[in-house]
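So the structure is just underneath, and the comments pick up after that.
So you know, we letter chains A, B, ... as the sequences are listed, proteins then strands, and number each from 1.
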Amino acid sequence: MREDSSEMSEDDDSASPSDLGGAVIKYVSRAPSPDQVLENVLENVLLFLTSRQDRNAASLVCWSWYRAEALTRSELFIGNCYAVSPRRVTDRFRRVRAVTIKGKPRFADFNLMPRSWGAHFTPWVSAMSQCYRALEKVCLKRMFVRDEDLELLSRLPNFRELVLVCCEGFGTSGLAAIVSKCGKLEVLDLTEDEVMDDEMDWISCFPEGETCLQALIFDCVECAINFEALELLVARSPSLKKLKLNRFVNIGQLYRLMVRAPQLTHLGTGSFSPSEIVAQGDQEPDYVSAFDACRSIVCLSGFREIVPDYLPAIYPVCANLTSLNFSYANINAEQLRAVICHCHKLQILWVLDSICDEGLQAVGATCKDLRELRVFPIDAREDSESLVSEVGLLAISEGCRKLQSILYFCQQMTNAAVIAMSKNCPDLVVFRLCIMGRHRPDHVTGAPMDDGFGAIVKNCKKLTRLAISGLLTDRAFSYIGQYGKLVRILSVAFAGDSDMGLKYVLEGCPKLQKLEIRDSPFGDSALQSGLHHYYNMRFLWMSSCGLTHQGCNAIAQQMPQLVVEVINGNGEEEVRDDPVDILYMYRSLEGPRADAPGCVTIL
Amino acid sequence: MSTVLEHDYIGLSGVSSMENSQKLALPSEENKRKNDFKATELRLGLPGSESRERDADKYPLGAQKGLVSGAKRGFSGAIIGGSGKWIFTGSGGSEIDLTKNGGLFSPRALNVENSSQKSAVAPTAVKESVPPPSMPALDKKGQASSANSHGSAPAAKAQVVGWPPIRSFRKNSMASTSNNHKVDDHADAKSGSVCFYVKVSMDGAPYLRKIDLKTYSSYKELYSGLEKMFCCFSIGQCGSDGLPGRDGLSQRRLMDLLHGSDYVLTYEDKDGDWMLVGDVPWEMFTDTCKRLRIMKSSEAIGLAPRAMDKHKNM
């Protein structure tokens, strides 16, 4: 849950057609001039510009503004690691302290992309470790990061913050390098990464003495850690505010840590179950008092192997909670209700559908301030039991009027409930509904889900992100094209009837940045209808649609600054017949990349 | 009838593995074993022709474990031609389509594949065979089923890759929590596989890796995945800048290695025995595999006679 780092979320605010604007112009060096004074003033003023959109605009004014901006930009955001090369970046921006880089497209998370595809951090870290010696912060999302890369980072003298989201390729050895060598490390944030177990005790590698640690987040690390070392580490980290444990930390150990760190604001509770069966009459720690002592906790997560009997321990902190992540906790409606009835300030809630519609009704009844809700399926299959439905969605829409973001997995839905939500929650910015059965219609009327999603784009005037599902005809797309004028991210799966669907969207949505489509009947002529817009987009993904190699070739020829990749999803190198398996295309200043594996053909 | 004979054959090894099997429904166990073995037998015909018989049986989800009874077949029966090497045809289309049927076919059966099998696998056949309950979204490229079912209610409910869109980390965590304690009754039947992450060692490599068997739906994918992981070790270079690049010269494939019989892929099963990978249907394998080892074939030679002895002694 990245409530504080909006740049890492998919819903980031960048409307960045101007990303490339300044970079196309080559920098020509000049002799010093009387304007130097003006430039110095400019630099000092530009220091106050923090938003990258503002900076992009400023850099386009004239040469001196371009130069001044390049010298004063300290935070770099690279939305697609292949859109620009490390060399070009380090040539332009000279004094960078923080870098954010995003690699693979989101559908790679669902095993649709071959693992060898790319997004290597190595060329970036090689360049940065030479050019940005003052680098303090690195955030990566969906990149392939090796232990050697982390080792290089660890040698930067001022390195303070490492955030890795959905990354892979490194192991506990890489972590050990970072923690042992970065004496000023403040943040180590590992979120949903795949970390290899090299059987290295990285927790013990923190140096002796007081640390600067403010955040230690390792709930995704699927290997046991040295608890004694962790306890000592927490005890000597007075600035520690965020601690998210992995599931190898049991509740007894959690207690010991909480007692040492009552100043925590964000806590990931680990397994939240005892290490072995606790017999009757066993002396157990007073978990309630531990939570009671942690009066600053506003964000609670973990509960990876929860034993619900221990849930009442968290009651003391519920009243202050703004963020609660129960998305790994298999609890029922009653158990949720007992907790949620105290959580009046809750703004972010992630749950499993094990709470059923009744649980959602309890949420709607109490959490009047809720901004973000995510309901995940405990059994992620198309034909699993239906635990939440339109009833739960309706209850949420009626109770949580300030809702801005929703992700809802379900087995059945009705247009009526979606329409109701569009009217009850006008502030919606993100609406993602996943009806898990493919092509499933409104289960009451049997109609396609067109009207429901149509109402969302029409009534939710601030909507920027949309994910659609269920039985959908071209009409749904016509609504999106007609009303979705602010939509930036659109996810489509198993939807539409013909090329018209895609055409409606490409012609109607001027702000579209990221379009990801799978298993929908869109072909070459639909692809042609987006030529006017592709340079404004971060990427287009189309897999298992009706595209031919010829059609993709045509696009590649017509748009020279677009990299058009045709990918074999199974990682095979063979040249496949039409239709194209995966089309992934993105604007780039660099042309075809050199590190593409055999399963990728760049047209 | 050949099936009866094979049933007896299976029965020999079935005795010792009884204790491994969980949730075996006794009255239908005979039928299950028979049908399960039928699924693994060498076949010359098209899969479509036989699938209906299996359909009638409709394995309940919990009976997944019942398949374990067939897990340990004698070594000689498992290897075509008795060459002692792992033979894996690796020809793309048919194998992938066959695993759509829930991996009930032994990879051995592929050696007598027909090229026409690819088209013979109809979406309906896919639906009615065992959907692997413990491995969500692993069926490789359910393209045929999704393409066929556009615009109408789909007949096929085989799990499609990447659908529903849940990250593997979350899926695996759900599997592990429902294994660790069963709060709900509906969690029970659906938590299938015991193993997810298994260690993979390779003789000569400096450190081990861990892979998640759930992310693969066939032996072919497993090999592919292992190959990518270990290419850097076995045959050294991955390009001078450390990137796994397209340098064809330096990138020999693990599968080539295995073909060339330098290495053999083996696994340790629930009993602690080291078995050759590929004998049993994929689901059986993922249920019983505890760790993997890429063994030098000079060491693996002993594996065959030992397995044979096991068979004889039962």
Side-chain angles (χ1 to χ4, degrees), chain A residues 107 109-112 115-116 120 122-123 126 146 148 166 173 192 194 196-199 220 222 247 273 304-308 327-328 330-332 354 376-385 409 434 436 438-439 491 493-494 497 518-519 521 544 569-572 574 581 594-598, chain B residues 92 96 131 133 136-138 140-143 146-147 149-154 157-174 176-178 180-184 186-187 190 197 199 207-210 212 215 220-221 224-225 228-229 239 241-246 248:
Chain A
F107 273 8
D109 289 350
F110 314 126
N111 299 331
L112 290 177
R115 286 181 81 109
S116 57
H120 299 282
T122 307
S126 306
R146 303 174 314 152
E148 293 81 352
C166 300
S173 307
E192 299 201 40
E194 207 175 291
M196 293 185 304
D197 184 2
D198 300 331
E199 305 190 351
C220 65
E222 289 289 296
R247 65 179 176 89
S273 62
R304 294 287 300 278
E305 290 160 3
I306 190 173
V307 171
S327 67
Y328 293 98
N330 187 350
I331 54 175
N332 61 30
S354 59
F376 293 96
I378 194 166
D379 184 0
R381 291 179 300 133
E382 284 190 70
D383 39 6
S384 62
E385 194 179 335
F409 283 85
C434 182
M436 290 193 278
R438 292 172 280 158
H439 310 288
S491 307
F494 305 102
D497 303 318
R518 65 166 294 180
D519 294 278
S544 304
N570 60 8
E572 296 293 311
E574 75 214 17
D581 195 3
D595 64 354
Chain B
I96 287 172
L138 285 181
K140 184 67 183 170
K141 292 296 169 199
Q143 289 183 40
S146 59
S149 50
H150 268 306
S152 57
K157 283 297 179 186
Q159 302 304 320
V160 173
V161 173
W163 187 264
I166 300 280
R167 292 185 180 144
S168 333
F169 180 81
R170 181 170 289 281
K171 275 187 190 151
N172 298 338
S173 303
M174 288 294 93
S176 96
T177 48
S178 46
N180 283 339
H181 81 274
K182 285 146 183 151
V183 175
D184 277 20
H186 35 250
K190 281 150 194 177
Y197 278 99
K199 286 187 186 174
Y207 55 81
L208 282 59
R209 298 296 301 265
K210 254 194 181 146
D212 172 17
T215 62
K220 185 179 167 66
E221 282 181 31
S224 187
K228 275 155 199 155
M229 253 190 208
D241 55 351
L243 290 180
R246 296 192 59 177

Drop me the distance from [X]'s [atom1] to [Y]'s [atom2], to the nearest 0.5 angstrom.
{"X": "A/Glu194", "Y": "B/Thr215", "atom1": "CD", "atom2": "OG1", "value": "7.5 Å"}
{"X": "B/Ile166", "Y": "A/Asp379", "atom1": "CD1", "atom2": "CG", "value": "10.5 Å"}
{"X": "A/Met196", "Y": "B/Tyr207", "atom1": "CE", "atom2": "OH", "value": "5.0 Å"}
{"X": "B/Arg209", "Y": "A/Asp198", "atom1": "CZ", "atom2": "CG", "value": "8.0 Å"}
{"X": "A/Asn570", "Y": "B/Glu221", "atom1": "CG", "atom2": "CD", "value": "8.0 Å"}
{"X": "A/Glu199", "Y": "B/Lys210", "atom1": "CD", "atom2": "NZ", "value": "7.0 Å"}

Taking all non-hydrogen atoms of both residues, which atom of [X] and which atom of [Y] are closest, and how far apart?
{"X": "A/Glu382", "Y": "B/Val160", "value": "OE2-CG2, 4.3 Å"}
{"X": "A/Met436", "Y": "B/Pro164", "value": "SD-CG, 3.5 Å"}
{"X": "B/Lys171", "Y": "A/Ala380", "value": "CE-CB, 4.2 Å"}

>> Taking A/Phe376's backbone N and O only, do any of them form a donor-acceptor pair with B/Arg170's side chain (distance below 3.5 Å, no angle check)?
In response: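 Absent.
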
Could you look at [X] and say if it's the side chain, the backbone, both or neither that has a heavy atom under 4.5 Å from chain B?
{"X": "A/Ser491", "value": "neither"}
{"X": "A/Cys220", "value": "both"}
{"X": "A/Glu148", "value": "neither"}

> Are B/Pro165 and A/Cys434 close enough that some pair of their side-chain heavy atoms sits under 4.5 Å apart?
Replying inline: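 B/Pro165 reaches A/Cys434 side chain to side chain.
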
> Does some side-chain heavy atom of B/Ser173 sit less than 4.5 Å from a side-chain heavy atom of A/Arg247?
Replying inline: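 With C-beta onward as the side chain, the pair stays apart.
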
>> Please evaluate residues A/Arg115 and B/Ser224 with respect to the criterion side-chain hydrogen bond (donor to acceptor under 3.5 Å, both in side chains), reporting the C-alpha separation (whole Å), side-chain torsions for both, the decisive distance (0.1 Å), and the verdict.
In response: CA-CA 10 Å; A/Arg115 286 181 81 109; B/Ser224 187; over 6 Å; no

